[in-house]
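First the structure, in the form of structure tokens, and then the observations on it.
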Amino acid sequence: MNEQDYIERLKIENKLLQDQLDKINKGKLKKRRFRWWLLKKSSVPIFGTRLKRSISNAINEYKEYKTVSVDTVSDVSSSVIWRITRIGLFAFMVAGIPAAVLIFQTKLLMNQNKLITSQNNLVEADRRSSLVFVMGDVLADLNEELKYKGSGGRNISRTLEARIIGLCMAMKPYRYIDDGKLIEKPISPERGQLLFTILKSDLGSESSQDILNSADFNYTNLRKVNLGRGANLKYVRLDYSDLTEAQMPAANLERSELKEAQMSKINLSDAILKRARLNNANLRKAELLSADLTNANLYGADLTDADLSEATLWGTKLENANLTNVILDNAIVDRQDWIDHIDSLGIEGAGEIEDRYRVKKQGKQQFIIVARK
């Protein structure tokens, strides 16, 4: 290869390399232009026209005068604050939409759960109420056994007693719809019907006591029931039951269980409540005239506006009870310092009792509460 050919070949290779280099530079220039175009287009939504214009003015001013005026800096600062506020508001709106949807979905879910709970309670109520037909058969047998028995011997067979007790156990409390809405706490209307029927059937004392001793009448609905005078409920278990406005004068409730029972406006005048457990019972506006509450447990009971005139309060436990506006005219107590004693226990309403009443000795170991003149 002579020198001329070698030079020609170098020229060709140099041209190829130059073409490749031009191609690479052209590609880089194209990418740079694209990035600049993308930045330019995206700067408007990101920075906004106002902020972009302010920054551009500041750069041009610096290029021309090698300094930036206070007005230009203020314009850039205000544009930045304005843009941040706009972006924050937009972000808040964007975030608020899914949050609102989530809250709406949660509310719908809660309503659905409430409807499911109501439906389940209604199904349970329907199942429980079916026991009324069983009760009808049991009461028919009760009527058959008592049909030919006189007033002197009205005890029933042990088998029928067991059926009544078993029926009472099956009548579990439940929630049901009353006045268009689901009641808050479970209760059993069927137990109330059964207990009312037993008491009105004038059973013999032996059978009646066997049933009351063994049957579970807790959560019984006896609201506004009239049991007449002298109903025998000795040893009955009526915890959490509803006896609001019930008429039970002279009832025998000795050693009965009435924990947290609803007994507002109940009539228990002349009733026997010896050693009855009335812990946290609601006895607001209850009529307890001449009631015997000897050694009864009224811990935490609400006796606001209750009438305890001539009631016997020997050894009655009243810790944490509410005696606001209670009437105690001629109530019988077991100690001379009874008013000071309940005041020392911190019983609500004790101060008012001290202002209205005093203790008067009557007999050797008997004291009565009389009004101050």
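For the numbers below, each heavy atom of this structure counts, side chains included, while hydrogens, waters and symmetry mates do not. Note that the numbering runs from 1 along the sequence shown for the chain.
A side-chain contact (heavy atoms from CB on, under 4.5 Å) with Leu303 is found for one member of Leu278, Asn322, Asn325, Leu323 and no other, namely Leu323. A side-chain contact (heavy atoms from CB on, under 4.5 Å) with Val236 holds for exactly one of Leu212, Leu199, Asn218; it is Leu212.
By the salt bridge (Lys or Arg N to Asp or Glu O under 4.0 Å) test, Asp337 pairs with Arg335, sequence neighbours left out. Contacts of Asn279 classified as side chain to side chain contact (heavy atoms under 4.5 Å, CB included), with partners at least two apart in sequence or in another chain: Lys259, Arg277, Asn297, Tyr299. For Arg158, the side chain to side chain contact (heavy atoms under 4.5 Å, CB included) criterion is met by Glu161, Glu206, Asp210, not counting sequence neighbours.
The CG atom of Leu283 sits 8.5 Å away from atom OG of Ser264, with the distance rounded to the nearest 0.5 Å. Atoms CD1 and CD, from Ile198 and Gln193 in turn, are 12.0 Å apart once rounded to the nearest 0.5 Å. Rounded to the nearest 0.5 Å, atoms CG (Asp343) and CD (Glu354) are 5.0 Å apart. Distance check: Asn330 CG to Gln362 CD gives 8.0 Å after rounding to the nearest 0.5 Å. To the nearest 0.5 Å, the span separating CG on Leu298 from CG on Asn280 amounts to 10.5 Å. Going from atom CG of Asn320 over to atom CD1 of Ile347 covers 8.0 Å, rounded to the nearest 0.5 Å.
Proximity of a side-chain donor or acceptor of Ser207 to a complementary backbone N or O of Gly204 within less than 3.5 Å is not detected. Of the possible donor and acceptor atoms, one in the side chain of Asn252 sits under 3.5 Å from a partner among the backbone N and O of Glu254. Using modelled atom types, no side-chain atom of Ser208 and backbone atom of Ser205 make a donor-acceptor pair closer than 3.5 Å. Formation of a donor-acceptor pair under 3.5 Å by the Gln366 side chain with backbone atoms of Lys361 is not found in this model.
Leu293 and Tyr235 end up in different hydrophobic clusters when Ile, Leu, Val, Met, Phe, Trp and Tyr side chains are linked at under 4.5 Å. Note on Ile272: it does not cluster hydrophobically with Leu222, by side-chain heavy-atom contacts below 4.5 Å among ILVMFWY residues. Residues Leu289 and Met248 do not share a hydrophobic cluster, defined by chaining ILVMFWY side chains whose heavy atoms lie under 4.5 Å apart.
Considering only heavy atoms from C-beta on, Leu195 comes within 4.5 Å of Leu233 through its side chain. Side chains of Asp270 and Pro249 form no contact here, defined as non-hydrogen atoms less than 4.5 Å apart. Considering only heavy atoms from C-beta on, Lys234 stays 4.5 Å or farther from Asn213 through its side chain. In this structure the side chain of Asn282 never reaches within 4.5 angstrom of the side chain of Thr244, judged on heavy atoms. Two residues are said to be in side-chain contact when any heavy atoms from C-beta on lie closer than 4.5 Å; Met171 and Thr220 fail this criterion. Within the 4.5 Å cutoff, the side chain of Leu258 has no heavy atoms near those of the Arg237 side chain. Proximity of Leu203 to Leu142: side-chain heavy atoms (C-beta onward) are separated by under 4.5 Å at one or more points. Contact annotation: the side chain of Ile327 approaches that of Tyr357 to within less than 4.5 Å [non-hydrogen atoms, C-beta and beyond].
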- [ ] Start with the C-alpha gap between Leu167 and Val134, add the side-chain angles, then the distance that decides, and say whether side chain to side chain contact (heavy atoms under 4.5 Å, CB included) holds.
- [x] CA-CA 8 Å; Leu167 177 62; Val134 180; 4.0 Å; yes
- [ ] Let me see the working for Val138 and Ile164 under side chain to side chain contact (heavy atoms under 4.5 Å, CB included), right down to the final yes or no.
- [x] CA-CA 7 Å; Val138 172; Ile164 293 173; 3.7 Å; yes
Open item on the list: Show, in sequence, the C-alpha distance, side-chain angles and deciding distance for Leu268 and Leu253, and conclude whether the side chain to side chain contact (heavy atoms under 4.5 Å, CB included) test is met.
Closed with: CA-CA 10 Å; Leu268 284 171; Leu253 286 158; 3.7 Å; yes
TODO: With side-chain hydrogen bond (donor to acceptor under 3.5 Å, both in side chains) as the test, would you mind laying out the steps for Thr324 and Glu352 before giving the verdict?
DONE: CA-CA 7 Å; Thr324 304; Glu352 182 185 331; 5.5 Å; no
- [ ] Tell me, with the steps shown, if Asn295 and Thr316 meet side chain to side chain contact (heavy atoms under 4.5 Å, CB included).
- [x] CA-CA 5 Å; Asn295 295 318; Thr316 305; over 6 Å; no
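Smallest separation of non-hydrogen atoms from Leu146 and Arg154: CD2-O, 3.5 Å. Considering all non-hydrogen atoms of both residues, Leu313 and Asp334 come closest at O-OD1, 4.3 Å. Closest heavy-atom contact between Arg358 and Ala371: NE-O, 4.4 Å. When every heavy atom of Ala246 is checked against every heavy atom of Ile266, the shortest pair comes out as O-CG1, 3.3 Å. Contact detail for Arg191 and Cys168: the closest heavy-atom pair is NE-O, 3.1 Å. Of all non-hydrogen atoms in Leu238 and Leu243, the two that sit nearest each other are CD1-CD2, 4.4 Å.
Classification of Asp242 and Arg223 as a salt-bridged pair holds, one side-chain N sitting under 4.0 Å from a carboxylate O. Between Asp355 and Arg372 there is no salt bridge, since no side-chain nitrogen of the basic residue lies less than 4.0 Å from a carboxylate oxygen of the acidic one.
Other residues, nucleotides and ligands place more than 12 heavy atoms under 6.0 Å from the NZ atom of Lys200. For Glu260, the CD atom is densely surrounded, since the number of other residues' heavy atoms within 6.0 Å is greater than 12.
Sequence neighbours left out, the pairs with a member in residues 203-234 that pass ring pair (Phe, Tyr, Trp, His ring centres under 6.0 Å) are Tyr219-Tyr240. Evaluation of the salt bridge (charged side-chain N to carboxylate O under 4.0 Å, His left out) test over residues 295-306, restricted to residues two or more places apart or in two chains, returns Arg284-Asp302.
Other members of the cluster containing Ile332 are Trp314, Ile368, Val370, with ILVMFWY side chains joined at under 4.5 Å, either directly or via other members.
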